[in-house]
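A quick write-up on the structure given underneath.
Given the structure is predicted, the values throughout are model-derived calculations rather than measurements. Labels below follow one simple rule: chain letters A, B, ... track the order of the sequence lines, proteins then strands, and each chain is numbered from 1.
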Protein chains: 2
Amino acid sequence: MVTIIDVARAAGVSPSTVSYVLSGKRSISAETRRQVEQSIRRLGYHPNAGARALASSKTNVLALVIPLRTDLNVPVVMEFVAAVTTEARRHDHDVLLVTKDEGPGGLKRVAGSAIADALIVMDVESADPRVPMLLALDRPAVLIGVPGHATGLSCVDLDFAAAGAAAVRHLADQGHRSVGLVGPSPAVYERGTSFADRFRRGFTETADAHGVRHWARPCGHSYEAAQACLAELFEADPGLTGLVVQNEAVLGPVLSDLRHRGKRVPEDVSVVAICPDSMAENHALPLTTVSIPTDEIGALAVEMTIRQLAGETTPETRLLSPRLTPRASTAAAR
Amino acid sequence: MVTIIDVARAAGVSPSTVSYVLSGKRSISAETRRQVEQSIRRLGYHPNAGARALASSKTNVLALVIPLRTDLNVPVVMEFVAAVTTEARRHDHDVLLVTKDEGPGGLKRVAGSAIADALIVMDVESADPRVPMLLALDRPAVLIGVPGHATGLSCVDLDFAAAGAAAVRHLADQGHRSVGLVGPSPAVYERGTSFADRFRRGFTETADAHGVRHWARPCGHSYEAAQACLAELFEADPGLTGLVVQNEAVLGPVLSDLRHRGKRVPEDVSVVAICPDSMAENHALPLTTVSIPTDEIGALAVEMTIRQLAGETTPETRLLSPRLTPRASTAAAR
DNA sequence: ATGAAAGCGCTAACAC
DNA sequence: GTGTTAGCGCTTTCAT
């Protein structure tokens with residue numbers, strides 16, 4: 001193994017000089033820098049992460065806590081993971097994966113063993129035991145999603161209330177007078193994952209404000225669940241002409257069940273999907289969406305984490321404004 | 001921060017004794033162990049990962065290299081990530097994420113900085129520049145998937161040739177005389193990701209062996225691509241009655257396009273899907289599958305890695321036997 | 001602008 | 001069965 005001492009010897013300088021060339025924390029003569037950099041390259045030197053962490057108390061690693069459940073949209077989770085990892089590298093950090101099923105203990109383990117400098121936590125629930133743990137840990141931390149009530153932790157998320165509102169407004173503007181929401185699975189509501197409630201609130205309030213009749217139903221991830229959900233919605237109002245689907249996993253089933261019912265999209269029913277844009281364009285019919293900007297959210301989470309690591313201390317909650325992209329699945333009500 | 005010295009003092013023993021209690025590397029009297037364990041708990045001690053890594057040259061971290069591309073099945077990738085992470089924890093290891101786009105340099109960085117003890121690499125291509133790098137690195141490494149030709153690296157994967165064979169055999173046994181393969185996207189074939197070729201070979205050879213006519217086509221991830229793919233297949237043989245879909249992303253589109261063509265499943269066309277079981281059961285029609293056992297593959301990859309870390313040195317390639325589960329999407333040919 | 005040296009917290013000989 | 005101690009490779013004062 002090549003150490004900093006090998007490099008120092010080869011360059012004819014002291015180890016500390018090599019360290020300073022690497023960190024840029026003090027000025028180095030051009031000639032020395034050249035020598036050192038050349039030796040580093042020639043020897044193929046890489047600073048030892050453990051030694052560095054021990055000496056500096058910084059690992060340059062961010063822990064990312066991901067949900068394992070399948071009642072969430074797996075591809076969406078994967079997009080977050082990719083976005084966070086990519087952005088972390090951009091800031092010279094690595095990402096350590098922690099699974100949600102480790103619970104608060106997992107966070108404690110990571111913080112206690114100083115294996116990561118900060119934590120990014122996904123899929124936070126309303127009374128999530130990890131929130132008090134994060135507070136107690138007193139490490140830089142950012143939540144992707146927001147817990148039920150303010151906690152003093154930094155959060156990033158799509159403004160789901162505004163997203164729900166945008167979806168309904170789009171339909172209302174097109175003359176729809178009765179709309180249905182195909183929501184996330186019941187389990188998501190039950191454990192109080194707030195994005196579901198926030199979205200439904202935006203949906204409901206905006207529909208009320210526009211005098212639009214509205215029904216909201218959770219929906220499991222199977223075809224049968226989607227079928228049952230639509231059955232309920234159309235039973236509640238056979239005249240329903242607008243559908244908002246906040247459950248990307250059943251987009252396919254919803255669209256085919258509509259077909260079975262003899263409802264054409266968008267002639268008979270307009271459909272707005274809430275999902276990443278990448279998932280809206282590969283359907284038989286390109287879907288009007290309120291997009292979930294996973295890249296932006298992931299990148300922002302990392303930026304906020306890095307800023308906390310740099311000393312910024314006041315927690316902030318950033319809710320990104322939704323963007324609705326009209327495509328072929330919505331049209332004016334007849 | 002609580003250090004091993006604090007624990008030692010509290011327990012009235014030396015630091016090394018605490019270390020040995022933790023590692024179990026020498027015998028400790030019951031009483032001493034009790035004292036130490038109690039102090040550890042009382043003080044909330046966690047060994048510092050950096051210090052440990054520095055002193056022992058072991059990080060207890062596995063690097064997992066994941067593809068970011070979307071021409072692979074994202075949910076499948078996510079399942080691997082989850083399986084690897086879960087199994088790693090079972091062996092007291094953590095997982096560090098590295099993205100494929102870092103290329104060979106990423107592997108070098110991870111190995112060079114000793115930030116992980118071993119590497120697990122997904123989505124290996126036929127002339128993958130990461131293979132020679134892995135060989136040069138001389139660290140424990142396991143590939144999920146197999147490169148074009150033997151490399152001296154350990155590999156785990158589904159036996160895709162056998163999977164292709166099983167799918168065709170199932171159809172042939174039901175009396176189908178002409179079958180089509182909806183394959184992964186062209187890009188997957190182009191970069192020589194071998195699972196696609198191995199599957200197609202199993203498909204082709206088995207069809208030949210059974211005297212079954214066969215056509216294979218790659219298929220992009222959009223609805224249009226699926227439509228075009230089926231158009232080509234049915235143009236090649238309008239009498240086609242068996243379809244093998246090795247592209248989970250277009251399962252929905254394929255099924256709806258079949259409907260548009262007036263082909264009922266399974267009355268007119270039988271469909272076998274290659275995908276994780278979790279993805280086969282949520283369709284309008286439960287699908288006959290050859291399942292991709294992501295959990296097993298991921299867990300096995302970790303086990304093989306851990307075994308290498310324990311000193312096992314001979315590389316091995318493990319191809320898991322496919323399992324076909326008949327469901328409602330296949331039936332006897334009329 | 002550079003060097004010397006004291007740790008960072010732990011493991012693993014080496015003692016007894 | 002337990003204690004002592006020399007590093008592991010780096011960062012960062014403190015000197016000059």
Side-chain angles (χ1 to χ4, degrees), chain A residues 1-37 39-40 43-61 92 94 109-117 309, chain B residues 1-37 39-40 43-61 92 94 109-117 309:
Chain A
M1 169 176 224
V2 185
T3 75
I4 202 171
I5 295 185
D6 300 325
V7 175
R9 200 164 10 230
V13 299
S14 76
S16 61
T17 297
V18 176
S19 176
Y20 283 118
V21 166
L22 252 22
S23 70
K25 288 189 181 172
R26 76 180 184 192
S27 42
I28 301 283
S29 75
E31 174 55 11
T32 303
R33 152 164 290 119
R34 218 185 46 67
Q35 287 289 337
V36 169
E37 280 168 351
S39 303
I40 287 176
L43 299 178
Y45 169 71
H46 284 269
N48 180 287
R52 214 168 217 194
L54 183 54
S56 68
S57 304
K58 298 195 334 162
T59 61
N60 273 32
V61 170
D92 193 31
D94 272 295
R109 183 177 69 80
V110 167
S113 62
I115 198 176
D117 299 327
L309 284 170
Chain B
M1 170 178 224
V2 185
T3 75
I4 202 171
I5 296 185
D6 299 324
V7 175
R9 198 161 15 225
V13 300
S14 77
S16 62
T17 296
V18 177
S19 175
Y20 284 118
V21 167
L22 252 22
S23 70
K25 287 189 181 170
R26 77 180 183 193
S27 44
I28 301 283
S29 75
E31 173 56 11
T32 302
R33 153 165 289 118
R34 220 186 43 68
Q35 287 290 337
V36 170
E37 280 167 350
S39 302
I40 288 177
L43 299 178
Y45 168 71
H46 285 268
N48 179 289
R52 214 170 216 190
L54 183 55
S56 69
S57 306
K58 298 193 336 159
T59 62
N60 274 34
V61 170
D92 194 31
D94 273 295
R109 182 177 69 80
V110 167
S113 63
I115 198 175
D117 299 328
L309 284 171

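Shown for residues 4-18 of chain A: residues whose heavy atoms fall under 4.0 angstrom of DNA chain D, namely I4(A), S16(A). Taking a 4.0 Å limit (strictly below) on heavy-atom distances, residues 43-59 of chain B reaches DNA chain D at L54(B), A55(B).
In this structure, the side chain of N48(A) does not engage the main chain of L54(B) through any donor-acceptor pair within 3.5 Å.
Between Y45(A) and V2(A), the shortest heavy-atom distance links the atoms CD1-O, 3.5 Å. A53(B) and G50(A) get closest at one heavy-atom pair: CB-CA, 4.4 Å. A pairwise comparison of heavy atoms in A116(A) and V110(A) identifies CB-CG1, 3.7 Å as the closest pair. Of all heavy-atom pairs between A8(B) and P15(B), the closest is CB-N, 3.5 Å. Closest of all the heavy-atom pairs between V21(B) and R33(B) is O-NH2, 4.3 Å.
Between I28(B) and V36(B) the shortest side-chain heavy-atom distance does not fall below 4.5 Å. In this structure, the side chains of V18(A) and V13(A) come closer than 4.5 Å at one or more pairs of heavy atoms.
At the heavy-atom level, T32(A) lies under 4.0 Å from the strands shown only through sugar-phosphate atoms.
Comparing K25(A) and M1(A) against DNA chain D, the residue whose closest nucleotide sits nearer the 5' end is M1(A).
With the end axes of the helix from dA1(C)-dT16(D) to dC16(C)-dG1(D) each set by five pairs, the angle from one to the other reads 30° at 10° resolution.
For the salt bridge (charged side-chain N to carboxylate O under 4.0 Å, His left out) condition, the pairs that include at least one residue of residues 22-32 of chain B, sequence neighbours left out, are E31(B)-R34(B).
Annotation: the span from T3(A) atom OG1 to L43(A) atom CG amounts to 9.5 Å, rounded to 0.5 Å.
One interatomic measurement links the two molecules: OH of Y20(A) to C1' of dT11(D), which rounds to 7 Å at whole-angstrom precision.
Here R109(B) pairs with D94(A), E102(B) under the side-chain hydrogen bond (donor to acceptor under 3.5 Å, both in side chains) rule; sequence neighbours left out.
Side-chain atoms of S16(A) and S19(A) include no donor-acceptor pair closer than 3.5 Å.
Bounding nucleotides for the chain B contact on DNA chain C, 5' to 3', at a heavy-atom distance below 4.0 Å, are dG9(C) to dC14(C).
When each of T59(B), N60(B), L22(B) is checked for a side-chain contact (heavy atoms from CB on, under 4.5 Å) with R52(B), only L22(B) meets the rule.
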